[in-house]
Participant: 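My questions all concern the structure below.
Chain identifiers are assigned alphabetically (A, B, ...) following the order of the sequence lines, protein sequences preceding nucleic acid strands; residue numbering begins at 1 within each chain.
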Amino acid sequence: MDNKYQPNIIEPKWQKYWQDNNYYQAADNSTKPKFYCLDMFPYPSANGLHVGHPEGYTATDIFSRYKRMGGFNVLHPMGWDAFGLPAENYAIKTGVDPDTSTHNNIKNFTRQIKALGFSYDWSREIDTSSPEYYCWTQWIFLQMYQHGLAYRKKAHVNWCASCQTVLANEQVVNGACERCKNPVMQKDLEQWFFRITDYADKLLADLDSIDWPEPIKLMQRNWIGKSVGINIDYDLENSDQHITVFTTRPDTNFGATFVVLAPDSKFVQTNLKLFPNYTATASYIEQTVKKTELERISEGKKKTGVFTGSYVINKLNNKRLPVYISDFVLASVGTGAVVGVPGHDVRDFEFAQAMGIEVIRVVVGKDGDTATISKREQVQEEQGTMINSDFLNGLDIHVATEKIMDYLEKQGWGKRVTNYKIRDWLISRQRYWGAPIPIVYDPQGNAHPIKEEHLPLLLPTDVDYRPKGTSPLGSSKSYKDLAEKLYGAGWHFEVDTMDTFVCSSWYYLRYCDPHNAKQFADPEKLKQWLPVDMYVGGAEHAVLHLLYARFFHKALQDFGFIPKAVGREPFKALRNQGMILGEDHQKMSKSRGNVVNPDAIVQDFGADTMRLYEMFMGPFEETKPWDPQSIKGMRRFLEKIWNVYQSVKTDNASNTVDLALHQTIKKVTEDIEQFKFNTAISQLMICLNSYAEQPKLQEAQLKIYLQLIYPFAPHLAEELREQKHWSENLFQDWPKYDETKLVNVSYLMVIQVNGKVRDKIELSASEVDNEQIIKDKALASNKVQQYISGKEIVKVIVVPKKLVSIVIK
RNA sequence: GCCGACGUGGUGAAAUUGGUAUACACGCUAGCUUUAGGAGCUAGUCCCGCAAGGGAUGAGGGUUCGAGUCCCUCCGUCGGCACCA
């Protein structure tokens with residue numbers, strides 16, 4: 001047996017073979033049922049592939065190969081989320097343009113991914129930074145604009161004075177810029193938004209229809225943040241104005257003692273001069289608006305505020321409520337105004353304490369407490385019975401809430417409303433390396449969509465990337481000239497680019513028809529492939545990409561570009577891979593020096609070992625540490641398979657492995673379906689151990705095992721198949737288990753006395769379903785007799801094929 | 001602070017979903033093999049005990065004939081949100 005397992009030779013050989021024969025191309029017209037199996041496409045960073053990437057990619061590869069063997073026409077594509085800030089920062093530092101560096105990175109990623117033998121359909125590769133792709137990103141923007149879902153408004157944005165640029169919310173860490181650690185300030189800028197809030201209710205409701213991990217659904221639900229309540233109008237004394245507050249707890253309204261407005265709320269902005277204490281009010285507003293994010297956070301929940309000098313009337317009891325302004329109230333939540341009930345809201349209580357406002361109890365506290373509320377711990381929220389509240393007295397707060405809402409609506413003092421926490425999606429970025437926003441301004445500054453025939457609006461190359469507080473595109477002469485040439489003197493293009501999440505919100509659609517120059521995708525092809533049947537990636541996109549893509553799907557479907565027949569959701573099933581930690585159980589990072597390079601693993605052990613190892617580490621969705629020792633064990637397993645196939649004699653005589661083999665077919669099939677790859681592999685090891693003990697095996701047994709191992713270790717399986725001169729069609733079928741072969745010759749049953757194992761009895765297959773025989777045998781056992789003799793048997797429980805439990809007194 | 005996930009040998013973990021806890025690996029120990037190293041093969045490996053037996057799934061309590069699994073309280077680790085009215 002000098003034929004050794006040499007992955008470094010066989011793996012490149014089969015990778016070339018698959019590529020040369022277009023082995024994994026998805027067929028656009030096929031009679032087979034379709035299966036769309038998708039990875040979250042990577043950002044091609046300069047660091048190359050991280051060991052976390054192959055974890056997800058191996059899982060989808062196993063799944064894709066398994067589904068192909070199961071008779072499906074599988075779409076399994078790969079591409080590049082190529083726009084992004086790191087390439088631009090690299091350009092600022094080195095002068096290498098982002099296009100060049102990004103495409104070098106893509107080459108490296110492609111090489112690394114191909115070396116792992118994944119069955120991607122490379123003919124569908126896409127690159128979001130190519131004009132062929134972002135042409136359609138821009139086209140979709142125009143559709144959003146024409147349907148009223150893209151709009152421009154002045155907004156507070158996160159501004160880093162040191163980097164001279166705005167930052168996305170995700171780039172603000174504890175109030176500081178994630179790159180330079182300087183405090184982030186608020187700045188008002190004209191920005192483009194997508195009206196995702198129009199879809200809040202649908203994004204929430206449709207979550208119920210998809211097979212996603214519950215924690216991800218929950219995070220989306222929380223992010224969307226539906227709250228049902230009522231808007232109540234309070235008339236402002238000595239004025240014809242009224243303040244509208246939003247509350248979910250109108251039941252406590254008899255306990256209201258003040259009203260608070262957000263400093264940057266619309267009411268304050270337009271009615272500031274109505275307040276008697278105008279000077280103090282204006283100075284408070286000025287202070288709070290200047291605060292950095294960091295200052296706000298470091299102040300914690302300490303309450304500050306100012307009395308405006310104005311009062312409103314609570315029509316329920318004609319009480320005068322003083323009106324305050326405080327930055328604990330947020331302009332963007334509800335109406336930007338709050339009615340303060342300090343007895344039953346901790347924040348209101350803290351504010352009342354700080355301002356010296358009275359506290360009224362309207363809900364009975366813990367242990368029947370009806371005393372005056374003077375301590376934070378007495379503030380009763382969320383449950384209880386009403387008191388001091390006129391017609392609500394004695395009611396449970398939830399009943400009271402409904403009753404008073406009916407009353408307020410009937411009186412015309414309020415109106416039920418539903419609020420959502422989710423905000424419109426700010427898509428403008430003052431960056432270079434992204435898709436240009438296809439908007440042109442006339443000399444008066446009015447925005448116009450660019451004409452479709454001018455798409456793609458190409459990203460100019462004559463720009464200065466260096467940060468200077470305005471968008472790099474503003475420095476391009478060619479961009480300026482082009483706008484004037486196409487639209488006339490004094491016209492200019494929008495100089496911001498789109499958030500890269502816009503590009504990634506529709507890439508799964510493009511894979512269905514990646515070379516279409518007339519449409520982003522032919523509806524017929526979308527109809528054939530959508531929805532994505534299995535989507536795999538990290539959980540870090542829970543409320544970003546995964547929410548945005550759902551929004552795009554719904555909007556584009558409503559515009560008529562995605563057939564109704566494919567359903568309201570883009571991703572039918574989702575699975576998240578867990579993070580892979582370093583050997584030291586810490587997050588992998590260059591500074592810790594615990595980063596594992598996939599290239600080195602493939603070099604030292606082979607791609608099949610790498611694939612198997614990552615799947616064997618632990619449950620797919622869980623965080624797990626890298627262990628270099630265990631990789632050796634996986635290589636040993638593959639060598640053992642290899643060696644068994646080299647040395648075993650084949651013979652059609654019956655042997656004892658059929659039970660193990662059919663158990664393995666069953667287990668591996670079920671485990672792949674459930675993404676339990678670790679236990680599937682362990683079963684394959686058990687089966688191999690049983691094979692290795694046999695002097696002779698049937699050819700059929702060797703073939704089935706190869707079919708089972710193929711999705712996991714395709715190179716090894718192909719090589720052994722070829723060595724044995726078996727047909728290539730071997731891997732076009734998935735084996736089925738034979739129920740009759742799963743029957744044990746005998747069963748070992750446990751006998752418990754009062755819950756403790758006292759003996760084990762062996763029963764033949766014919767006896768194992770007969771309760772009477774089982775009971776008799778169990779009670780006849782010598783060991784059991786020692787425990788039960790002279791005792792009263794209360795009952796005997798028989799669990800078929802498993803155990804007998806005898807209860808004595 | 002609120003929401004969520006998790007906690008099992010020296011390590012990664014398994015447990016047919018309420019039925020023999022520790023499968024499958026890694027590591028370790030001993031023996032064999034090899035000129036040596038690497039590797040390979042065989043046996044052993046939760047704890048206490050010579051044994052019979054007893055104990056053990058973060059801690060404590062409960063339900064049950066039977067609990068890693070279900071319920072309650074607490075502790076710890078990780079993730080998300082963070083004054084959302």
Participant: Is A/Arg636 close enough to B/A25 that one of its side-chain N or O atoms is under 4.0 Å from OP1 or OP2 there?
Facilitator: no

Participant: Cut-off 3.5 Å, side chains only: do A/Lys640 and A/Asn689 have a donor facing an acceptor?
Facilitator: yes

Participant: Using the P atom as the point on both nucleotides, what is the distance between B/U16 and B/G79, in whole Å?
Facilitator: 29 Å

Participant: Roughly how far apart, to the nearest Å, are B/G1 and B/A13 at atom P?
Facilitator: 29 Å

Participant: With distance as the sole criterion, do the side chain of A/Gln629 and the base of B/G12 form a donor-acceptor contact below 3.5 Å?
Facilitator: no

Participant: What integer distance in Å separates A/Met615:CE from B/C26:P?
Facilitator: 19 Å

Participant: Would you mind classifying the nucleic acid contact of A/Lys756 as base, sugar-phosphate or nothing, using non-hydrogen atoms under 4.0 angstrom?
Facilitator: sugar-phosphate

Participant: Looking only at side-chain atoms of A/Ser805, point me to the closest of B/G54, B/G19, B/G80.
Facilitator: B/G19

Participant: Record whether the side chain of A/Arg423 comes under 3.5 Å of the base of B/C84 through a donor-acceptor pair of N or O atoms.
Facilitator: yes

Participant: Counting just side-chain N and O atoms, does A/Lys676 come under 4.0 Å of either OP1 or OP2 of B/A13?
Facilitator: no

Participant: Given B/U20, is OP1 or OP2 found less than 4.0 Å from the side-chain N or O atoms of A/Lys760?
Facilitator: no

Participant: Establish, with yes or no, whether the OP1 or OP2 oxygen of B/C81 is under 4.0 angstrom from a side-chain nitrogen or oxygen of A/Arg221.
Facilitator: no

Participant: Using only side-chain N and O atoms of A/Asn678, determine if any of them is under 4.0 Å from OP1 or OP2 of B/A14.
Facilitator: yes

Participant: Please measure how far the P atom in B/G49 lies from the corresponding atom in B/G10, and state the result in whole Å.
Facilitator: 16 Å

Participant: Whether A/Lys632 contacts B/G12 is assessed here as follows: a side-chain N or O lying under 4.0 Å from the phosphate OP1 or OP2. Is that the case?
Facilitator: no

Participant: State plainly whether the residues A/Glu214 and A/Arg221 are in salt-bridge range, i.e. N to O under 4.0 Å.
Facilitator: yes

Participant: Compare the minimum distances between each of B/A14, B/U20, B/C84 and the side chain of A/Thr679, then state the nucleotide with the smallest one.
Facilitator: B/A14

Participant: Does CD belonging to A/Glu673 count more than 12 external heavy atoms closer than 6.0 Å?
Facilitator: yes

Participant: Side chain of A/Lys802 only, please: which of B/U16, B/A25, B/A23 is the nearest?
Facilitator: B/U16

Participant: So A/Leu218, base contact, sugar-phosphate only, or nothing? Heavy-atom distance under 4.0 Å.
Facilitator: sugar-phosphate

Participant: Would you mind reading off the distance between A/Gln663 atom CD and B/A15 atom P, rounded to a whole angstrom?
Facilitator: 15 Å

Participant: When we call it a touch if two heavy atoms are under 4.0 Å apart, what does A/Ser332 touch: a base, just sugar-phosphate, or nothing?
Facilitator: nothing

Participant: Does a nitrogen or oxygen in the side chain of A/Ser227 sit under 4.0 Å from OP1 or OP2 of B/A85?
Facilitator: yes

Participant: Please determine whether any donor N or O and acceptor N or O are separated by less than 3.5 Å between the side chain of A/Ser630 and the base of B/C26.
Facilitator: no

Participant: Measure from the side-chain heavy atoms of A/Ile797 and tell me the nearest of B/A85, B/C81, B/G19.
Facilitator: B/G19

Participant: P atom, B/C78 versus B/A30: distance in rounded Å?
Facilitator: 38 Å

Participant: Where the side chain of A/Ser682 is concerned, which of B/A23, B/A13, B/G80 is the nearest nucleotide?
Facilitator: B/A23

Participant: Between B/C83, B/C65, B/C81, spot the one nearest the side chain of A/Leu330, thanks.
Facilitator: B/C83

Participant: Suppose we call two aromatic rings close when their centres sit under 6.0 Å apart. Are A/Phe616 and A/Phe637 close by that rule?
Facilitator: no

Participant: Mind listing the residues from residues 684-693 of chain A sitting with a heavy atom below 4.0 Å of RNA chain B? Number order is fine.
Facilitator: A/Met685, A/Ile686, A/Asn689

Participant: What interatomic distance, in whole Å, is found between C1' of B/C46 and the corresponding atom of B/U22?
Facilitator: 7 Å

Participant: Report, one pair per line, the protein and nucleotides 68-72 of chain B atoms (nitrogen or oxygen only) whose separation is under 3.5 Å.
Facilitator:
none

Participant: Counting only side-chain N and O atoms of A/His585, is one of them less than 4.0 Å from OP1 or OP2 of B/U77?
Facilitator: no

Participant: To the closest 0.5 Å, what do you measure between CD (A/Gln663) and CG (A/Leu742)?
Facilitator: 6.5 Å

Participant: Do the numbers put A/Lys303 on top of the ring of A/Phe351, so that NZ or CZ is under 6.0 Å from the six-membered ring centre and no more than 45° off the axis?
Facilitator: no

Participant: For residues A/Tyr420 and A/Thr197, determine if any side-chain heavy atom of one lies less than 4.5 Å from a side-chain heavy atom of the other.
Facilitator: no

Participant: State whether A/Glu402 and A/Arg416 are salt-bridged, where the test is any N-O pair (Lys NZ or Arg NE/NH1/NH2 against Asp/Glu carboxylate O) under 4.0 Å.
Facilitator: yes

Participant: Using modelled atom types only, decide if a donor and an acceptor are shared between the side chain of A/Asp251 and the backbone of A/Met386 within a distance under 3.5 Å.
Facilitator: no

Participant: Can the ring centroids of A/Phe675 and A/Phe677 be said to lie less than 6.0 angstrom from one another?
Facilitator: yes

Participant: Taking 4.0 angstrom as the limit, do A/Arg575 and A/Asp211 come out as a salt bridge?
Facilitator: yes

Participant: Could you check whether A/Thr664 and A/Tyr705, counting side-chain N and O atoms only, form a donor-acceptor pair closer than 3.5 Å?
Facilitator: no

Participant: Among the nucleotides B/C3, B/G19, B/A85, which one has an atom lying closest to any side-chain atom of A/Asn222?
Facilitator: B/C3

Participant: For A/Asn231 and A/Thr244, test the side chains for any donor-to-acceptor distance below 3.5 angstrom and give the result as yes or no.
Facilitator: no

Participant: State which of B/A85, B/U17, B/G19 makes the closest approach to the side chain of A/Val799.
Facilitator: B/G19

Participant: With sugar-phosphate meaning primed atoms plus P, OP1 and OP2, does A/Gly633 contact a base, only sugar-phosphate, or nothing at under 4.0 Å between heavy atoms?
Facilitator: sugar-phosphate

Participant: If we take the C1' atom in both B/U11 and B/U20, what is their distance in whole Å?
Facilitator: 25 Å

Participant: Stem finding on RNA chain B, please: runs of three or more consecutive Watson-Crick or G-U wobble pairs, both distances under 3.5 Å, sorted by first number.
Facilitator: B:1-7 with B:75-81, B:10-12 with B:24-26, B:27-32 with B:40-45, B:46-48 with B:53-55, B:58-62 with B:70-74

Participant: Closer than 4.0 angstrom, basic N to acidic O: yes or no for A/Glu350 and A/Arg376?
Facilitator: yes

Participant: Scan A/Asp345 against the nucleic acid and name what it touches under 4.0 Å (heavy atoms): base, sugar-phosphate only, or nothing.
Facilitator: nothing

